[in-house]
Amino acid sequence: MSTTKLLVERQGPRATIILSNPPKRNAIATATASALVEALLMLDGEQDVRAIVITGEGDCFSSGGDLDEFLSTVDAGGTQLWETGDAWQRLFSVIPTLTKPVIARVLGPAMAGACGLVAASDFAYCTDASKFGSPEIKIGLFPLFILPALVNRMGERHALDLALTGRTIDSQEAYRMGLVNRVVSTDEIDDVVDQMVASFSALEPATVRRGKHAFNKISSVNLTEGLELARGMRPAFMCSEELRRGIEKFFAKKEVKA
């Protein structure tokens, strides 16, 4: 069984993780999911990295879970399935815990588990040729691990639409559903991703870290609880050296203009 490998490239503040197995359309086996978690954690700890990009090699982001591996587990016992589920649970829970933004760069199809990975990413950009879907139900499966990310990103109706029909959607429908931030041409996508990385590089890393943490906590609760969390988190921003420097820079720019 050929397992998709990961290639890691660093270019200035941008680190890119490439799912690399074009003959199998960059399918994600359990070992790949586990390696992806470790790569994300490693890059999140590197000071020079300001944003992490996930993409696929060639003209396909990823076809999702490795069906050859799935077939081999049909007769597996409950204990084995419970244990191998750890890698998938970690994969779809790790991104909100990272201190740096994660961007999905999607060329071509992002199906099944890969569609969930796009949903789990902080930002997602795709091309006109991109397609998305969660077709597991067509082979007797249901998208359990990716479902929380789909619901969180797209809302219950759109998530149920994809999960229960198994249909494939094009890039424009994915945009309307909220799965991706923008649809651009193949020639534009790297410029758009690099612009996002540059925008994060211009910000204070500690503020980005606190902001991402605050967003994920507040967006996961109701209005009342969110406001309580906001009140508790406020001192971390208001008493920071980053705020002091930001205000000083603001007034310095006003003086120069005057």
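Please read these numbers as outputs of a predicted model, since none were measured by experiment.
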Novice: Please confirm whether the backbone N or O of S185 pairs with a side-chain atom of E188, one donor and one acceptor, at under 3.5 Å?
Specialist: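 The answer is yes, because a donor-acceptor pair under 3.5 Å joins these two groups.
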
Novice: Between V94 and F92, is there a shared hydrophobic cluster once you connect ILVMFWY residues whose side-chain heavy atoms come closer than 4.5 Å?
Specialist: yes

Novice: Distance-only, no hydrogens or angles: does the R25 side chain make a donor-acceptor pair with backbone N or O of S62 under 3.5 Å?
Specialist: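 No; judged by distance alone, with no hydrogens or angles, the pair does not exist.
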
Novice: If you draw a 6.0 Å radius around CZ in R167, do more than 12 non-hydrogen atoms from other residues or ligands fall strictly inside?
Specialist: yes

Novice: Do K5 and E57 sit within salt-bridge range, that is, some charged N less than 4.0 Å from a carboxylate O?
Specialist: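 Looking at E57 together with K5, the answer is no, because their closest N to O distance does not fall below 4.0 Å.
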
Novice: To the closest 0.5 Å, what do you measure between CZ (F61) and CG (N26)?
Specialist: 9.0 Å

Novice: Does D44 offer a backbone N or O that forms a donor-acceptor pair with the side chain of K100 under 3.5 Å?
Specialist: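 Side chain of K100 to backbone of D44: a pair is present.
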
Novice: Is there a side chain to side chain contact (heavy atoms under 4.5 Å, CB included) between N152 and S220 once you walk through the steps?
Specialist: CA-CA 8 Å; N152 183 60; S220 67; over 6 Å; no

Novice: What I'd like to find out is whether the side chain of H213 reaches to under 4.5 Å of the side chain of M233, using heavy atoms alone.
Specialist: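 A side-chain contact under 4.5 Å exists here.
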
Novice: What's the separation between atom CZ in R176 and atom OG in S171, rounded to the nearest 0.5 Å?
Specialist: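 Answer for the CZ-OG pair, R176 versus S171, is 9.0 Å.
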
Novice: Okay, side chain of S34, backbone of A31: is any donor-acceptor separation there less than 3.5 Å?
Specialist: no

Novice: Any pair with a residue in residues 122-146 that passes side chain to side chain donor-acceptor pair (under 3.5 Å), sequence neighbours left out, goes on the list, sorted by first then second residue, please.
Specialist: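 Qualifying pairs, neighbours excluded: D122-K212, T127-S130, S134-E136.
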
Novice: Does a donor on one side chain and an acceptor on the other come within less than 3.5 Å for R105 and T55?
Specialist: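 Short answer, yes.
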
Novice: Rounded to the nearest 0.5 Å, how far apart are CD1 of I28 and CG of L19?
Specialist: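 Going from CD1 on I28 over to CG on L19, the span is 5.5 Å.
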
Novice: Can you tell me if OH on Y175 sees more than 12 non-hydrogen neighbours from other groups inside 6.0 Å?
Specialist: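 No, OH of Y175 has 12 or fewer neighbouring heavy atoms, counting only those of other groups under 6.0 Å.
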
Novice: Starting from the C-alpha separation in whole Å, work towards a yes-or-no answer on side chain to side chain contact (heavy atoms under 4.5 Å, CB included) for V118 and F132.
Specialist: CA-CA 9 Å; V118 172; F132 305 85; 4.2 Å; yes

Novice: Membership question, hydrophobic clusters at under 4.5 Å side-chain separation (ILVMFWY): are V8 and V37 in the same one?
Specialist: yes

Novice: Mind running side chain to side chain contact (heavy atoms under 4.5 Å, CB included) on F142 and L164 for me, showing each step along the way?
Specialist: CA-CA 8 Å; F142 198 70; L164 209 54; 3.9 Å; yes

Novice: Does the distance from a Lys or Arg side-chain N to an Asp or Glu carboxylate O, for R231 and E228, drop under 4.0 Å?
Specialist: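 E228 and R231: not salt-bridged.
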
Novice: Could you report the tightest heavy-atom contact between V197 and A51, atom names first, then the distance?
Specialist: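 Distance-wise, the nearest heavy atoms are CG2-CB, 3.9 Å.
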
Novice: Using the rule given for salt bridge (charged side-chain N to carboxylate O under 4.0 Å, His left out), can you reason through R10 versus D48, listing the C-alpha separation, both sets of side-chain angles and the distance that settles it, and then say yes or no?
Specialist: CA-CA 9 Å; R10 297 169 179 81; D48 293 339; over 6 Å; no

Novice: Decide, yes or no, whether a salt bridge links R209 with E204 under the criterion of side-chain N to carboxylate O below 4.0 Å.
Specialist: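 So R209 does not pair with E204 through a salt bridge.
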
Novice: What heavy-atom pair brings A159 and M154 nearest, and what distance separates the two atoms?
Specialist: N-CB, 4.5 Å

Novice: Counting distance only, does the side-chain N/O of S121 pair as donor-acceptor with the main-chain N or O of A124 below 3.5 Å?
Specialist: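 Checked: no pair found.
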
Novice: If I take atom CG from residue L7 and atom OG1 from residue T4, how far apart are they, to the nearest 0.5 angstrom?
Specialist: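 It is 10.5 Å, given to the nearest 0.5 Å.
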
Novice: Using 0.5 Å steps for rounding, measure from the CD1 atom of I169 to the SG atom of C115.
Specialist: 6.5 Å

Novice: Test side chain to side chain contact (heavy atoms under 4.5 Å, CB included) on L6 and T32 and set out the steps.
Specialist: CA-CA 8 Å; L6 301 182; T32 311; 4.1 Å; yes

Novice: Could you pull out the closest heavy-atom pair between S63 and A112, with the gap in Å?
Specialist: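 Closest pair (atom of S63, atom of A112, distance): O-CB, 4.1 Å.
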
Novice: Please check if L36 and I18 belong to a single hydrophobic cluster, counting links between Ile, Leu, Val, Met, Phe, Trp and Tyr side chain heavy atoms closer than 4.5 Å.
Specialist: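 No, separate clusters.
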
Novice: I need the minimum non-hydrogen distance between L150 and A119, along with the two atoms involved.
Specialist: CD2-CB, 3.9 Å

Novice: When you check the gap from the basic side-chain N to the acidic O, do R245 and E248 get nearer than 4.0 Å?
Specialist: no

Novice: Roughly how far, to the nearest 0.5 Å, is CG of D194 from CG of D190?
Specialist: 6.0 Å

Novice: Can you get from I103 to L117 by hopping between Ile, Leu, Val, Met, Phe, Trp and Tyr side chains that sit under 4.5 Å apart?
Specialist: no

Novice: Flag yes if V208 and M196 sit in one hydrophobic cluster, no otherwise; membership is Ile, Leu, Val, Met, Phe, Trp, Tyr, and two members link when side-chain heavy atoms are under 4.5 Å apart.
Specialist: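 Same cluster: V208 reaches M196 through Ile, Leu, Val, Met, Phe, Trp or Tyr contacts under 4.5 Å.
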
Novice: Does either side chain, that of R14 or that of T16, offer a donor lying less than 3.5 Å from an acceptor on the other one?
Specialist: yes

Novice: Restricting to non-hydrogen atoms, name the atom on P143 and the atom on I146 that form the minimum distance, rounded to 0.1 Å.
Specialist: CB-CG1, 3.5 Å

Novice: Does D59 use its side chain to pair, donor to acceptor, with the backbone of L107 at less than 3.5 Å?
Specialist: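 Not confirmed, D59 side chain does not pair with L107 backbone.
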
